[in-house]
Engineer: 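Pasting a structure here, questions to come.
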Amino acid sequence: MFSSSWSLLICALLGFVSLAKAFTPEEVQIFQLQQELVKTYRNPDLDFYKMLKLPKLRDSSSAEIRKNLRKLAKTYHPDKNKKYRKLYERLSLATKILENDSQRKIYDYYLKNGFPNYDFKKGGFYFTRVQPKVWAIGIFIFLSCGLIHFIILRLQNDGNKNRIERFLREVKAQDDTLGLGEKRLLFRQNPDEEGREIIVRFGEVYAVQSDGKEALISTKDIVNPGISDSLLLTLPLWMWRKSVGCLFNFTTSVKNTNELPENKPSSEDSKPKPIRIHGSGEKLELPNGKVVRSRKKN
Ligand SMILES: *[C@@H]1O[C@H](CO)[C@@H](O)[C@H](O)[C@H]1NC(C)=O
């Protein structure tokens with residue numbers, strides 16, 4: 001039932017991936033340095049301002065930050081002691097980032113909202129503390145894709161209904177008993193095909209199936225799909241079934257009203273079932289030689 005939804009699913013995934021991959025080299029540099037600091041000094045609260053020992057911390061101006069590095073260099077320059085090489089590199093980089101207003105803004109943003117946990121060994125990153133913005137956009141993408149899917153389902157359903165209604169109209173036009181008797185017609189999809197018998201009995205249209213049973217063709221059973229048939233509900237349910245649900249081995253069935261009920265032989269139900277009109281570009285030949293074509297699906 002997801003076949004019609006794959007494109008939407010992919011659209012949602014691409015949305016996520018492009019968001020996720022949208023980090024700039026400046027951001028990656030910031031994440032890397034922040035991660036190094038926290039790991040090296042084993043202090044999750046450490047930030048560039050504290051490391052640089054800025055007297056006014058976040059209230060420092062760019063000029064003060066630049067001046068501060070010169071002060072630090074008096075003690076920590078690698079020329080004083082080789083063991084300061086790595087530390088001095090980090091101090092310079094942090095200074096370079098903070099004295100640039102646009103990069104400082106980026107840094108302050110992640111400081112406030114949390115840094116993604118960038119994992120270079122895994123060739124990417126994953127979120128530990130998730131940025132609220134990313135989730136907001138993710139939810140927005142999910143909701144819009146769900147809505148688009150819902151609209152597509154509705155349109156498909158309307159198309160189905162129209163196709164069947166058109167078919168019924170064509171058939172009833174052949175009924176010369178005017179709905180008061182029985183009229184048997186033969187329909188062919190190809191000239192060399194055996195054809196299918198259609199009965200119009202008291203204005204109702206039946207298709208005779210290969211087992212001789214009659215199936216009522218009607219649009220009464222076509223229910224308009226609701227929001228619950230769209231990705232908005234089926235995707236979370238599907239993911240649930242594919243993941244946690246498997247463990248409990250329970251199945252939740254989601255009714256998909258997009259498709260007409262299949263005409264499976266059913267033992268407990270002797271009532272004729274509606275048949276489904278298959279395929280796209282289907283051709284039905286009326287007994288008078290007229291050919292009914294159903295609209296091609298895009
Ligand atoms: C700040 O950093 C950005 C991005 O690296 C760069 O394009 C820009 O030229 C820098 N601005 C200054 C004043 O150095």
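Both ligands and their constituent atoms are indexed starting at 1 by order of listing. Predicted model, so just to flag it, every value in this text is computed and none were measured.
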Engineer: Tell me whether the centres of the aromatic rings in Tyr107 and Phe31 are closer together than 6.0 Å.
Structural biologist: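 No.
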
Engineer: When you measure from the side chain of Asp229 to the backbone of Pro225, do you find a donor-acceptor pair of N or O atoms at a distance under 3.5 Å?
Structural biologist: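 Side chain of Asp229 to backbone of Pro225: no pair is present.
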
Engineer: Counting each atom of ligand 1 from 1 as listed, which ones have a heavy atom of Glu26 under 4.0 Å away?
Structural biologist: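 Every atom of ligand 1 under 4.0 Å from some heavy atom of Glu26: 4 (C), 5 (O).
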
Engineer: Heavy-atom distance under 4.5 Å between the side chains of Lys56 and Glu64, does that happen here?
Structural biologist: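 They are in side-chain contact.
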
Engineer: Given the protein's heavy atoms, is any one of them under 4.0 Å from atom 11 (N) of ligand 1?
Structural biologist: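 Yes.
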
Engineer: Would you verify that at least one protein heavy atom lies under 4.0 Å from atom 5 (O) of ligand 1, or report that none does?
Structural biologist: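 Yes, because at least one protein heavy atom sits under 4.0 Å from atom 5 (O) of ligand 1.
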
Engineer: We want to know whether Asp108 and Tyr49 form a side-chain donor-acceptor pair, criterion being a heavy-atom distance below 3.5 angstrom.
Structural biologist: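 A donor-acceptor contact under 3.5 Å links the two side chains.
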
Engineer: Look at atom 1 (C) of ligand 1 and find which of Asn100, Asp101, Ile97 reaches it with the closest heavy atom.
Structural biologist: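 The option holding the nearest heavy atom is Asn100.
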
